[in-house]
Undergrad: 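Sharing a structure below in structure tokens format, with a few things to ask.
Worth knowing before you read on, the calculation uses all heavy atoms, side chains too, and leaves out hydrogens, waters and symmetry mates. Just so it is clear: chains get the letters A, B, ... in the order the sequence lines come, proteins before strands, and each one is counted from 1.
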There are 2 protein chains.
Amino acid sequence: MQPVSDDREGHEDCAPRRVLEIFATKWTSMILHTLHSVHGGQARTGVLHRSLPGLSKKMLVQTLREMEHSGLIDRQAESVVPPAVRYRLTPLGYRFVDLIEQIYAWGRDNADALDALRPRASSRRRSG
Amino acid sequence: MQPVSDDREGHEDCAPRRVLEIFATKWTSMILHTLHSVHGGQARTGVLHRSLPGLSKKMLVQTLREMEHSGLIDRQAESVVPPAVRYRLTPLGYRFVDLIEQIYAWGRDNADALDALRPRASSRRRSG
DNA sequence: CAGGATCCTTCTGGATACTG
DNA sequence: CAGTATCCAGAAGGATCCTG
């Protein structure tokens with residue numbers, strides 16, 4: 001995805017655009033969700049990585065950087081051998097992940113409706 | 001963005017992955033937000049387009065299709081000359097956009113914190 | 001006005017190799 | 001283990017042209 005706002009007009013001041021950059025980044029919310037629900041708010045890089053199949057190391061690190069810059073998480077690194085880095089949700093991150101969880105809850109709550117509207121390939125129907 | 005889930009394992013069953021495809025699509029939430037807050041839940045294509053500077057027609061239509069398939073909006077077209085197409089939030093869409101608005105509210109609420117953490121170029125500070 | 005098809009540039013993101 | 005840099009195939013997305 002390319003940057004949503006590029007200051008072409010006066011939209012960098014618009015809250016939606018600001019937030020969009022954060023939560024429309026494909027992996028941000030998944031990472032937050034995992035960090036929150038699976039690891040209780042904090043985890044080391046490798047652990048987090050193994051919890052997110054399909055996410056490459058490159059993207060994980062890159063997204064973690066962005067999240068760090070956005071203030072959603074903070075990073076604690078011990079500059080010694082075997083590097084131990086720990087990412088933790090910040091208070092800001094906690095407030096955000098709460099909303100993310102609501103979105104996911106919406107998804108679970110409406111799984112049926114969402115499923116009914118996606119007649120993908122491989123006609124899988126349980127009773128019809 | 002490439003498809004988030006590709007059925008590599010068993011994750012297509014995971015609610016987060018499902019939802020991710022919807023709300024992590026860069027323009028989906030902006031369109032919903034605009035449709036909801038600016039146009040009261042329904043609008044014609046052109047009107048919607050003009051409300052979303054920076055969004056090309058191609059992406060608008062494409063995203064509208066996805067949203068339609070997801071059941072967030074529905075589409076009413078009159079097959080006559082000058083085509084008049086109207087997009088409207090569905091009940092499902094209304095429930096979703098409500099969460100989107102909360103995310104934006106979070107953004108406004110924490111604009112200060114978010115801003116403080118982004119020491120981009122061009123040091124613009126309004127009052128110190 | 002609504003939107004599909006095409007072309008072509010840009011960006012994303014995986015694989016790999018390397019540092020500490 | 002944690003992270004960076006490079007390479008490169010493939011996807012995203014804008015511009016344009018065309019239909020009804």
Undergrad: Does the side chain of Ser51(A) come under 3.5 Å of the side chain of His39(A) through a donor N or O and an acceptor N or O?
TA: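 There is such a pair between these side chains.
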Undergrad: If a pair satisfies side chain to side chain donor-acceptor pair (under 3.5 Å) and one of its residues is in residues 71-82 of chain B, list it, with sequence neighbours excluded.
TA: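 Listed by first then second residue: Asp74(B)-Arg88(B), Arg75(B)-Tyr87(B), Gln76(B)-Arg88(B).
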Undergrad: Please state whether the base of dG14(D) and the side chain of Lys57(B) form at least one donor-acceptor pair under 3.5 Å?
TA: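 It does not, because no donor-acceptor pair links the side chain of Lys57(B) to the base of dG14(D) below 3.5 Å.
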Undergrad: What's the CD-P distance between Glu78(B) and dG20(D), to the nearest Å?
TA: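 Those two atoms, CD and P, are 20 Å apart.
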Undergrad: Reckon Arg86(B) touches a base, only the sugar-phosphate, or nothing at all at heavy-atom distances under 4.0 Å?
TA: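 Contact class for Arg86(B): none.
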Undergrad: Quick check: is Val85(A) connected to Met67(A) through a chain of hydrophobic side chains (ILVMFWY, heavy atoms under 4.5 Å apart)?
TA: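 Yes, Met67(A) and Val85(A) fall within the same hydrophobic cluster.
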Undergrad: How many whole angstroms separate atom NE2 of His49(A) from atom P of dA2(D)?
TA: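 Those two atoms, NE2 and P, are 11 Å apart.
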Undergrad: Do Leu72(A) and Val61(A) belong together in a cluster built from hydrophobic side chains that touch within less than 4.5 Å?
TA: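 No: no chain of side-chain contacts under 4.5 Å links Leu72(A) to Val61(A).
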Undergrad: Measure the distance from CZ on Arg65(A) to P on dA2(D) and round it to the nearest whole Å.
TA: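 In whole Å, dA2(D) P and Arg65(A) CZ are 12 Å from each other.
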Undergrad: How close or far is atom C1' of dG14(D) from atom CG of Leu52(B), stated in whole angstroms?
TA: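 For the pair Leu52(B) CG and dG14(D) C1', the rounded distance is 16 Å.
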Undergrad: I want to verify a distance call: between dA2(D), dA2(C), dC1(D), whose nearest atom is closest to the Pro83(B) side chain?
TA: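 Ranking dA2(D), dA2(C), dC1(D) by closest atom to the Pro83(B) side chain puts dA2(C) first.
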Undergrad: Gln76(B) has an atom CD; how far is it from atom P of dG3(C), in whole Å?
TA: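 Rounding to the nearest Å, CD of Gln76(B) and P of dG3(C) are 13 Å apart.
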Undergrad: Is it possible for you to say whether Leu32(B) and Tyr94(B) belong to one hydrophobic cluster, with membership spreading through side-chain heavy-atom contacts below 4.5 Å?
TA: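 In one cluster with Leu32(B): Tyr94(B), yes.
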Undergrad: If the cut-off is 4.0 Å, is Ser79(A) near the phosphate of dG20(C), judged by side-chain N/O to OP1 or OP2?
TA: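 The answer is no; no side-chain N or O of Ser79(A) sits under 4.0 Å from OP1 or OP2.
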Undergrad: Find the distance Leu64(A):CG to dC1(D):P and express it as a whole number of Å.
TA: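 To the nearest whole Å, that distance equals 16 Å.
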Undergrad: From C-beta outward on Met59(B), which listed nucleotide comes closest to its side chain: dG13(D), dA2(D), dG13(C)?
TA: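 Selected nucleotide: dG13(D).
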Undergrad: What is the separation between atom CD on Gln62(A) and atom C1' on dG14(C), rounded to the nearest whole Å?
TA: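 Distance, rounded to whole Å: 12 Å.
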Undergrad: Mapping Lys58(B) and Arg44(B) onto DNA chain C by nearest heavy atom, which one lands closer to the 5' end?
TA: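 First, find each residue's nearest nucleotide; the 5'-ward one identifies Arg44(B).
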Undergrad: Has Thr45(A) got a side-chain N or O lying under 4.0 Å from the OP1 or OP2 atom of dG3(D)?
TA: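 Looking at the OP1 and OP2 atoms of dG3(D), one of them is under 4.0 Å from a side-chain N or O of Thr45(A).
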Undergrad: Please tell me if Arg75(B) has a side-chain N or O lying less than 4.0 Å from either OP1 or OP2 of dA2(C).
TA: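 So the side-chain polar atoms of Arg75(B) never come under 4.0 Å of the phosphate oxygens OP1 or OP2 of dA2(C).
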Undergrad: dG13(D) P sits how many Å from Met30(B) CE, rounded?
TA: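 My rounded result for the distance is 15 Å.
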Undergrad: Of the options dG4(C), dG3(D), dG13(C), whose atoms approach the side-chain atoms of Lys26(A) most closely?
TA: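 Selected nucleotide: dG13(C).
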